[in-house]
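Note sheet for the following structure.
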Amino acid sequence: MQRQKAIAGAGNVVSARESRARPVSSRALLAPSGAHGGVLALQALVGNAAVSRLVEPARTHRRTADSGPRRRPRSGAARSPAAGGRDLALQRFPATAVTAGTNWVSETGAVRHPGEGASGGVYILTAKDANASIRTVVVKPIFGESGLGTVESGASMTFGDQAVRELLGVEAPISRSVTKGSEEYRQLLGLCDPKAPPRPVNPEEARAWKPLSDARSFVVMSEVPSSTTIGSLAEKSVSDPRAAGELNAAVFDPDFLHQLGRLCIGDLLIGNNDRMVARAMNVGNVMISSQNGKHSLYAIDTNAVLGRDLAPEEVLRTGSASRSLHGGFSSTKTTLADGPGEILDGFYRVIAGRMKGAQANGGHGPTELALDPVTLFTDSYEAQRPRLLQAFTAGWQSGLDTVRDLVESREGRAKMRQVVAGVGAQQGSGQVTYHALKTNAMYLAGRAKGKDHAQSASGAAAFAAAKMLAEFDLASATIPDDGHSWNVARVPSREVLGADLRDLPRAPDPRHVLRVAPPRERGVFDGGYFTSVLQGAGNIKADADALGPKQRGLFTRTAQTRNRTTAGRFVAETYLLGAAAQRAAAASDRLGQLGATLEVSIGAALTPSQARSAIPAADHLRAVLPRFRRDVGEFGDGLSNASKGVASLSRLSLAPSLAQVLAQVAKRMRDQEEVLAGPRLANPNIYVNALRGAGAQ
């Protein structure tokens, strides 16, 4: 009876079945009448059939947290040519602040840190001069790795913004990178550091914390005008009718969903796995900009993963050259297999989950006359799903068609090259390459034309293999012969290992050994960390030698080396051994990539020119493989022995952590032994002969 009254009061005397059979206008759904008025009336109208399916936790989406930056809405408006003439919030920093260098110390009036997290989030800088061109800018620290463990850099973040904006036509902030060591970096660090979150007291949270000075770069970006993240708006909507109206006006708007579908394809194109594709569903990286009654989509925190290592075998398996999309359940292949419907359902499911969580924390609940806001939202989606899915799918397909045009037209390929060239020589620019972008685009273009995964992946992988072999850095797949090898550490006697060696104040953090070649990053070698570990080992040796000899003998005094000195030198040697092993592991990874690429290439239809350009890589593999097999095995043995020796230095405070690191590196070398002895590298002559034959055609 109460449901009938609500429907009649709204002037909509229709059955629930009829309401599901035809599209429901989002504007009608949100029309205010009193506190909740027409919204609650139509809430009763659409029914409750979909609540249990949409509100239950998603089994296939690993993230629901709003990890994106929270940006304060702004009032006022100004025209911006960079935004295509759209109305933007009144801003007051110099007009070049997000495109060129700025004296932040003299221009900044206030700084705040509105974000959450131990080290992440963003900083909002407000201009000192009220008459300046831009009022606020957003500064994001980049620590080299995202919360998902994906490598990120200033270059990859600024490219991500530019790529979705210029290649897919989706709104994103204007941004640029400020490199560590520059004067701008120093100024931004000085301004933001006092607002940075302190080291957490909780030990678990403290492990993820980093001082702001560890940031490898800052990304300076324009603030999204009059905006909030979808996650934040969802939480507010359970107690704030205005927020509920804004949320529904946006996410039930076909134009918004069309852009959202295009953005999903854009993320697949650039390898961004922290929004909606790859079963991520992080709605915190989707913002709503509300101006003059219009609610627009903005993409934020867009990280591109398009490195030089194209890994053609992974392209065949996953449909992507981006390491971020190589997961078994979270790849380009699985995303396209899920299809737009599964992704759209997940999007609304996560929004409902955020609303439900806020409701449990004291938000608005059911009333006598109407369903609660969560049920209203989910029932509204269920009633409108066909038309909403149509809009989202249209954007999805439009994005695929756009990528196809980028691949198949000269203008499109030139546009992709131009966007990549815009990265220039920024720090981390090696994470953004044209060949990786084109490989991803070729796969998506194939799917746009109706090809299946295998057909689309075959052409993309052949392109990737030919390019990778022609440009392969053979030096990176070589173990350097500079004395930093497997025989640098000699385990001393038990007497020496029992020496009273307690502290080594200038010893590096043992974890720096692992950072020489991060285990999760295939073939990556960090020369900075390598040099740092070598210098630290030199400091340990110097401090140990400074102890001087000891005098022995009753009548004839003889100078002898102290046990503590020998033990200290042994610790230094283990650092050297670990660093050299990590460098060798990176080179071995690269050699394995070379073998995998050669395997794909001889199964692909390479042109004679492509085959001839690949022959030097095959010759290199055949020449260096015997030494790799010997050295990697020797490294494994030396590390195992050194790890046990370091563990015996019971009085040395850093011994347990150093021994653990050496054991990890030893395991990595054992794994490399298996790769080098595997069938892919069993007979490198096969690759040489096949390529010579193809090149002679």
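Side chains are part of it too, since the values below use all heavy atoms of this structure and drop only hydrogens, waters and symmetry mates. We number each residue from 1, following the sequence as shown.
Under the 3.5 Å distance criterion, the side-chain polar atoms of Arg317 are matched with a main-chain donor or acceptor of His326. Not one N or O on the side chain of Asn272 forms a donor-acceptor pair closer than 3.5 Å with the backbone of Val277. In this structure a side-chain-to-backbone donor-acceptor pair under 3.5 Å is missing from Gln593 to Ala311. No donor-acceptor pair closer than 3.5 Å links the side chain of Ser322 to the backbone N or O of Ser324. A distance-only check finds no donor-acceptor pair linking the side chain of Trp486 to the backbone of Arg630 [under 3.5 Å]. For the pair Ser331 (side chain) and Gly328 (backbone), a donor-acceptor distance under 3.5 Å is absent. Side-chain atoms of Ser532 do not come within 3.5 Å of backbone N or O of Gly528 as any donor-acceptor pair. Proximity of a side-chain donor or acceptor of Thr318 to a complementary backbone N or O of Lys333 within less than 3.5 Å is not detected. No donor-acceptor pair under 3.5 Å is formed between the side chain of Thr108 and the backbone N or O of Val105. A distance-only check finds a donor-acceptor pair linking the side chain of Asn285 to the backbone of Asp274 [under 3.5 Å].
Here the side chains of Asn273 and Asp267 are not in contact, with every heavy-atom distance at 4.5 Å or above. When side chains are defined from C-beta on, Tyr687 counts as touching Arg680, because their heavy atoms get closer than 4.5 Å. Two residues are said to be in side-chain contact when any heavy atoms from C-beta on lie closer than 4.5 Å; Phe159 and Leu437 meet this criterion. Between Val305 and Ile270 the shortest side-chain heavy-atom distance does not fall below 4.5 Å. Taking 4.5 Å as the limit, every side-chain heavy atom of Asp526 sits out of range of all side-chain heavy atoms of Arg515. Side-chain contact between Thr179 and Tyr185 is absent, with no heavy-atom pair separated by less than 4.5 Å. A heavy-atom distance below 4.5 Å is not found between the side chains of Asn440 and Leu325. Looking only at side-chain heavy atoms (C-beta outward), Phe143 and Glu152 stay at 4.5 Å or farther from each other.
Here the CG-CD distance, from Leu594 to Glu599, works out to 12.0 Å after rounding to the nearest 0.5 Å. Interatomic distance, Leu577 CG to His484 NE2, rounded to the nearest 0.5 Å: 12.0 Å. Once rounded to the nearest 0.5 Å, the distance linking OH of Tyr529 with CG of Leu514 reads 11.0 Å.
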Audit row: Lys140, Asp301, salt bridge (Lys or Arg N to Asp or Glu O under 4.0 Å) steps and yes/no
CA-CA 9 Å; Lys140 178 180 175 62; Asp301 277 2; 3.8 Å; yes
Evaluation steps, salt bridge (Lys or Arg N to Asp or Glu O under 4.0 Å), between Glu145 and Arg520
CA-CA 11 Å; Glu145 186 174 271; Arg520 287 180 294 180; 2.9 Å; yes
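A salt bridge is defined here as a Lys NZ or Arg NE, NH1 or NH2 lying under 4.0 Å from an Asp or Glu carboxylate O, and Glu184 with Arg176 meets this definition. Taking a cutoff of 4.0 Å between a charged side-chain nitrogen and a carboxylate oxygen, Asp500 and Arg564 do not qualify as a salt bridge.
Counted by atom type alone, Arg275 and Thr302 present one or more donor-acceptor pairs between their side chains at under 3.5 Å. Judged by distance alone, the side chains of Glu183 and Gln187 do bring a donor and an acceptor atom under 3.5 Å apart.
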All N/O donor-acceptor pairs, side-chain side in residues 669-678, below 3.5 Å, sequence neighbours left out:
{"residue": "Arg670", "atom": "NH1", "partner": "Asp637", "partner atom": "OD1", "Å": "3.4"}
{"residue": "Arg670", "atom": "NH1", "partner": "Glu673", "partner atom": "OE1", "Å": "2.7"}
{"residue": "Arg670", "atom": "NH2", "partner": "Asp637", "partner atom": "OD1", "Å": "2.5"}
{"residue": "Asp671", "atom": "OD2", "partner": "Lys667", "partner atom": "NZ", "Å": "3.2"}
{"residue": "Gln672", "atom": "OE1", "partner": "Ser588", "partner atom": "OG", "Å": "2.6"}
{"residue": "Gln672", "atom": "NE2", "partner": "Asp589", "partner atom": "OD1", "Å": "2.6"}

Compile the donor-acceptor pairs under 3.5 Å between side chains in residues 621-628 and protein atoms, sequence neighbours left out, one pair per line.
{"residue": "Arg622", "atom": "NH1", "partner": "Asn685", "partner atom": "OD1", "Å": "2.9"}
{"residue": "Arg622", "atom": "NH2", "partner": "Asp619", "partner atom": "OD1", "Å": "3.3"}
{"residue": "Arg627", "atom": "NE", "partner": "Asp631", "partner atom": "OD2", "Å": "2.9"}
{"residue": "Arg627", "atom": "NH1", "partner": "Ile479", "partner atom": "O", "Å": "3.1"}
{"residue": "Arg627", "atom": "NH2", "partner": "Asp631", "partner atom": "OD2", "Å": "3.4"}

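Screening residues 469-490 for salt bridge (Lys or Arg N to Asp or Glu O under 4.0 Å), with sequence neighbours left out, gives Asp482-Arg583. For the salt bridge (Lys or Arg N to Asp or Glu O under 4.0 Å) condition, the pairs that include at least one residue of residues 194-204, sequence neighbours left out, are Glu204-Arg207.
Cation-pi check for Arg590 over Phe472 is met; the charged atom lies under 6.0 angstrom from the ring centroid and within 45 degrees of its normal.
Applying the 6.0 Å contact sphere to CZ of Arg308 captures no more than 12 heavy atoms from other residues, nucleotides or ligands.
With sequence neighbours left out, the side chain to side chain donor-acceptor pair (under 3.5 Å) criterion links Thr478 to His620. Under the ring pair (Phe, Tyr, Trp, His ring centres under 6.0 Å) criterion, Phe525 pairs with Phe530, sequence neighbours left out.
Pairing each heavy atom of Ser657 with each of Pro510, the nearest pair is OG-CG, 3.5 Å. Shortest non-hydrogen contact noted between Ser601 and Leu598 is OG-O, 2.7 Å. In terms of heavy-atom proximity, Arg562 sits nearest to Gly548 at NE-O, 3.0 Å.
Ser177 pairs with exactly one of Met221, Gln426, Arg216 by the side-chain contact (heavy atoms from CB on, under 4.5 Å) rule, that one being Gln426.
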